[in-house]
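Below is one structure, written out as structure tokens, with a few remarks after it.
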Amino acid sequence: MRKLRQRQVLFFFLFLGLSLAGTEPRRYSVVEETEGNSFVTNLAKDLGLGQRELSRRGARVISKRNKLHLQLDQETGDLLLNEKLDREELCGHMEPCVLRFQVLLENPLEFFQAELQVIDINDHAPVFVDRDMLLKISEGSPPGTTFPLKNAQDVDVGRNNIENYIISPNSYFRVLTRKRSGGRKYPELVLDKALDREEEPELRLTLTAQDGGSPPRSGTAQVYIEVVDINDNAPEFEQPSYRVQIPEDSPIGSLVVTVSASDLDSGVYGKISYTLFQPSEDISKTLEVNSVTGEIRLRKQVDFETVQSYEVDIKATDGGGLSGKCTLLLQVVDMNDNPPEVTISALTSPIPENTPEVVVAVFSVSDPDSGDNGKTISSIQDDLPFLLKPSVKNFYTLVTEGALDRESRAEYNITITVTDMGSPRLKTQHNITVLVSDVNDNAPAFTQTSYTLWVRENNNPALHIGSVSATDRDAGANAQLTYSLLPPQDPHLPLASLVSINADNGHLFALRSLDYEALQAFEFGVGATDRGSPALSSQARVRVLVLDANDNSPFVLYPLQNGSAPCTELVPRAAEAGYLVTKVVAVDGDSGQNAWLSYQLLKATEPGLFGVWPHNGEVRTARLLSERDAPKHRLLVQVRDNGEPPRSASVTLHVLLQARADPLTVYLVVALASVSSLFLLSVLLFVAVRLCRRSRAASLGGCSVPEGPFPGHLVDVSGSGTLSQSYQYEVCLRGGSGTSEFKFLKPILPNLSSQSRGREVEENPSFRNSFGI
């Protein structure tokens with residue numbers, strides 16, 4: 001499309017140069033009354049174009065005021081009559097009758113001036129307005145006296161107009177054919193022989209008007225001549241002709257001129273009356289004469305653009321029937337009473353943006369006034385990016401001054417002002433609206449370069465977590481945006497299973513429930529792409545922060561509650577107040593205040609004997625022990641987090657008060673315990689060896705964790721709860737026996753690098769079930 005516009009502009013300037021070099025119009029002719037669709041010429045041959053080129057270039061015929069008398073067959077290139085032409089209706093008495101038109105080729109733009117001459121045929125016969133004429137001629141009129149007769153009218157022109165007048169044969173008169181300054185012929189009756197009223201008081205003659213057509217046509221009128229008694233003085237005007245100028249804007253009733261005639265006779269023969277002698281229909285409607293005073297006034301307003309001058313004879317007749325005549329030449333003076341006319345021949349709207357020098361419109365300017373009143377100046381507003389360029393014969397082209405930007409302005413209201421040079425100046429304004437069509441030259445723009453969204457864990461799937469928004473300054477499909485997720489930078493991030501985006505409005509949704517303990521934050525890119533061609537896009541970053549919820553209860557690491565024999569703490573009865581009995585160790589999988597743990601002694605066998613420090617879980621004696629205190633004590637300690645709502649766990653401690661014993665008893669107890677331990681260790685080693693041999697087929701050995709429902713895991717608790725340092729507990733579980741037997745629990749001190757990685761907890765449901773947690 002852009003290349004096509006450039007070609008149009010190139011051809012336009014080429015044509016403009018050629019048209020200025022030679023603007024001689026092409027001339028054609030046609031006989032009036034020729035039937036419609038008759039062939040005039042073949043424009044394709046005349047213009048040197050191919051037969052199909054007229055159709056391809058969008059050729060058409062235009063004329064002033066868009067009155068189309070011709071039609072162009074674009075397929076054959078033939079120029080045909082659109083209708084039957086009547087020369088008299090088109091041009092009246094004007095000769096030659098020429099109709100001017102233009103041939104417009106739109107792609108590329110090119111003009112050709114042409115003229116069509118309508119040739120007159122003899123299709124009208126002469127007609128006398130008055131079929132009967134009465135002349136009163138004094139018998140004293142000498143031979144050679146002339147008497148004007150009313151002429152006939154013939155709307156044909158040239159040789160088809162009136163050629164001569166003849167009178168029927170008689171003994172007294174002959175007729176002469178006279179010619180006016182305008183070329184119109186009229187008859188004069190000439191007296192060849194003196195009249196004798198006593199011999200012949202009246203005569204009846206036939207006046208015939210003949211035109212010069214082939215075959216000739218004629219019209220007749222009857223002339224009645226009444227011979228009157230002698231009235232030997234005819235009226236005489238003061239001057240044979242009156243030349244008068246009158247402005248075309250003169251109102252009705254304005255005085256044109258006063259004619260005056262005198263008669264030397266007296267009485268009835270000296271009384272004069274004035275009339276218009278043989279006026280045309282137009283003059284009869286335009287002028288009127290006062291029969292007594294000779295004042296000639298306007299009956300209707302004259303128009304210079306219609307008729308520039310009038311010529312009429314004024315007849316003065318006395319009471320005896322004698323008459324004299326003079327000629328009135330009335331010249332109409334042009335006034336600036338017609339504003340210029342603007343005719344739009346071609347208009348292009350909308351026009352694409354970013355295209356320089358596009359031809360927007362082609363129009364012509366005309367003013368029916370003459371002289372400076374008909375000279376025009378065309379202009380448009382100064383603040384618009386358009387230019388007016390003159391073409392040929394009052395044609396102008398409206399072109400863009402440069403490339404337009406739809407985003408700056410999508411519509412232009414252009415006022416073409418045409419002013420003439422008359423006084424006062426008249427102007428015509430023609431408004432056209434030019435729309436600028438959109439080109440996809442603006443990429444979408446996000447309202448923010450990055451977005452941060454907060455989502456609380458354990459959310460419902462398909463939860464709306466936020467939105468991104470972008471705008472596009474273009475219009476239509478070029479501004480319709482489609483949102484999409486971009487591939488994540490981290491290839492291990494399962495973005496497609498985490499979030500989705502609505503392609504139409506940019507709404508973001510969580511596809512599954514998020515777990516803060518597994519994923520605290522993730523980042524991805526979103527894109528916005530318009531639907532233009534080619535499509536443009538932009539990107540933004542979205543960071544999703546998962547907010548922790550108090551969904552994990554505290555977990556007691558020590559003492560371990562595994563459903564086996566309870567762990568018993570030994571306290572000597574000689575312990576001082578504040579003696580450290582044991583320390584409850586617990587962790588919480590949550591973070592922040594949800595992982596702040598506090599400890600509380602819920603129940604004790606003997607209240608007031610033991611106390612639990614709320615911040616670190618240390619169990620200490622609250623007072624000195626005595627012999628009266630029971631030897632066994634059961635303590636229920638609750639571990640509670642600071643979440644909302646709070647979660648808690650409890651642990652039961654067994655405390656045994658150890659009495660003072662003599663050294664021999666201690667030695668015996670130690671020996672017995674050592675022997676029992678060695679025996680128990682031997683049994684356990686024997687059972688372990690047998691079990692390892694049975695599981696050798698599964699390629700597992702020693703105390704390694706077997707495959708099955710209880711895979712080995714490490715529980716890593718770092719930097720949470722009330723512990724001052726990190727602890728690791730390696731748990732070896734035994735599977736396959738139907739009972740989840742706890743084998744051993746051994747603390748492992750972590751290195752410094754494990755502390756820097758933060759807290760990571762890996763849990764296995766089987767592990768929890770095996771301990772009944």
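Basis for what follows: all heavy atoms, side chains included, without hydrogens, waters or symmetry-related copies. Numbering starts at 1 and runs along the sequence shown. The structure displayed is predicted, hence computed values, not measured ones.
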Review point. Taking it one step at a time, do E202 and L134 satisfy side-chain contact (heavy atoms from CB on, under 4.5 Å)?
Key: CA-CA 10 Å; E202 62 182 22; L134 175 61; over 6 Å; no

Point to revise | side-chain hydrogen bond (donor to acceptor under 3.5 Å, both in side chains) evaluation trace for S370 with D334 | key: CA-CA 7 Å; S370 62; D334 183 35; 3.0 Å; yes

Check your understanding: Can you list the steps and then say if V227 with E200 is a side-chain contact (heavy atoms from CB on, under 4.5 Å)?
Key -> CA-CA 8 Å; V227 182; E200 198 167 2; over 6 Å; no

Point to revise | Stepwise side-chain contact (heavy atoms from CB on, under 4.5 Å) check, V129 with K150 | key: CA-CA 8 Å; V129 178; K150 296 180 179 181; over 6 Å; no

Review point. Can S260 and E238 be said to form a side-chain hydrogen bond (donor to acceptor under 3.5 Å, both in side chains), step by step?
Key: CA-CA 6 Å; S260 177; E238 294 178 354; 3.3 Å; yes

Check your understanding: Taking it one step at a time, do V307 and V332 satisfy side-chain contact (heavy atoms from CB on, under 4.5 Å)?
Key -> CA-CA 8 Å; V307 180; V332 180; 5.7 Å; no

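Between the side chains of D369 and N338, at least one donor N or O sits under 3.5 Å from an acceptor N or O.
Under a 3.5 Å cut-off, the side chain of D420 and the backbone N or O of L426 do form a donor-acceptor pair. With hydrogens and angles disregarded, a donor-acceptor distance shorter than 3.5 Å links the side chain of N336 to the backbone of P424. Remark: the backbone N or O of T206 is paired with a side-chain donor or acceptor of S168 at under 3.5 angstrom. With hydrogens and angles disregarded, no donor-acceptor distance shorter than 3.5 Å links the side chain of T419 to the backbone of K427.
Across every non-hydrogen atom of H430 and I344, the tightest pair is NE2-CG1, 3.4 Å. Nearest heavy atom pair, residue I380 against residue L387, reads CD1-N, 4.2 Å. The shortest heavy-atom contact between V175 and Y165 is CG1-O, 3.3 Å. Here the closest heavy-atom approach between residue F128 and residue A221 is recorded as CG-CB, 3.5 Å. Shown here for T317 and S323, the closest heavy-atom pair between the two residues is OG1-CB, 3.6 Å. The shortest heavy-atom contact between T400 and F386 is CG2-CE2, 3.6 Å.
In this structure, the separation between CZ on F147 and CG on L191 is 5.5 Å, given to the nearest 0.5 Å. Annotation: the span from T220 atom OG1 to I166 atom CD1 amounts to 10.0 Å, rounded to 0.5 Å. Atom OH of residue Y412 and atom CG of residue L384 lie 7.5 Å apart, to the nearest 0.5 angstrom. Going from atom CG of L287 over to atom CD1 of I246 covers 8.0 Å, rounded to the nearest 0.5 Å. To the nearest 0.5 Å, the span separating CG on L176 from CZ on R174 amounts to 5.0 Å. How far OG of S391 is from NZ of K393: 12.5 Å, rounded to the nearest 0.5 Å.
Within a 6.0 Å radius of CG in D383, other residues, nucleotides and ligands contribute more than 12 heavy atoms. With a 6.0 Å radius and a threshold of 12 heavy atoms from other residues, nucleotides or ligands, R184 has its CZ atom at or below the threshold. The neighbour count for Q222 CD, taken as heavy atoms of other residues, nucleotides or ligands under 6.0 Å away, is above 12. With a 6.0 Å radius and a threshold of 12 heavy atoms from other residues, nucleotides or ligands, R409 has its CZ atom above the threshold. Within 6.0 Å of atom CD in E115, more than 12 heavy atoms from other residues, nucleotides or ligands are found, so the atom counts as buried in its surroundings. Around atom NZ of K300, more than 12 heavy atoms belonging to other residues, nucleotides or ligands sit under 6.0 Å away.
No side-chain heavy atom of D367 sits under 4.5 Å from any side-chain heavy atom of N373. In this structure, the side chains of L435 and T433 come closer than 4.5 Å at one or more pairs of heavy atoms. Counting only heavy atoms from C-beta outward, the side chains of L388 and F363 approach each other to under 4.5 Å. A heavy-atom distance below 4.5 Å is not found between the side chains of Q153 and V127. I351 places a side-chain heavy atom less than 4.5 Å from the side chain of V360. Using a 4.5 Å heavy-atom cutoff, the side chains of Q113 and F395 are in contact. By the 4.5 Å heavy-atom criterion applied to side chains, Q210 and E163 are not counted as neighbours. When side chains are defined from C-beta on, Y274 does not count as touching I296, because their heavy atoms never get closer than 4.5 Å.
Partners of K285 under the salt bridge (Lys or Arg N to Asp or Glu O under 4.0 Å) rule, at least two apart in sequence or in another chain, are E281.
Salt bridge annotation for R297-E288: absent, with no cationic side-chain nitrogen under 4.0 angstrom from a carboxylate oxygen.
Residue pairs meeting the salt bridge (charged side-chain N to carboxylate O under 4.0 Å, His left out) criterion with at least one partner in residues 303-324, sequence neighbours excluded, are R180-D313.
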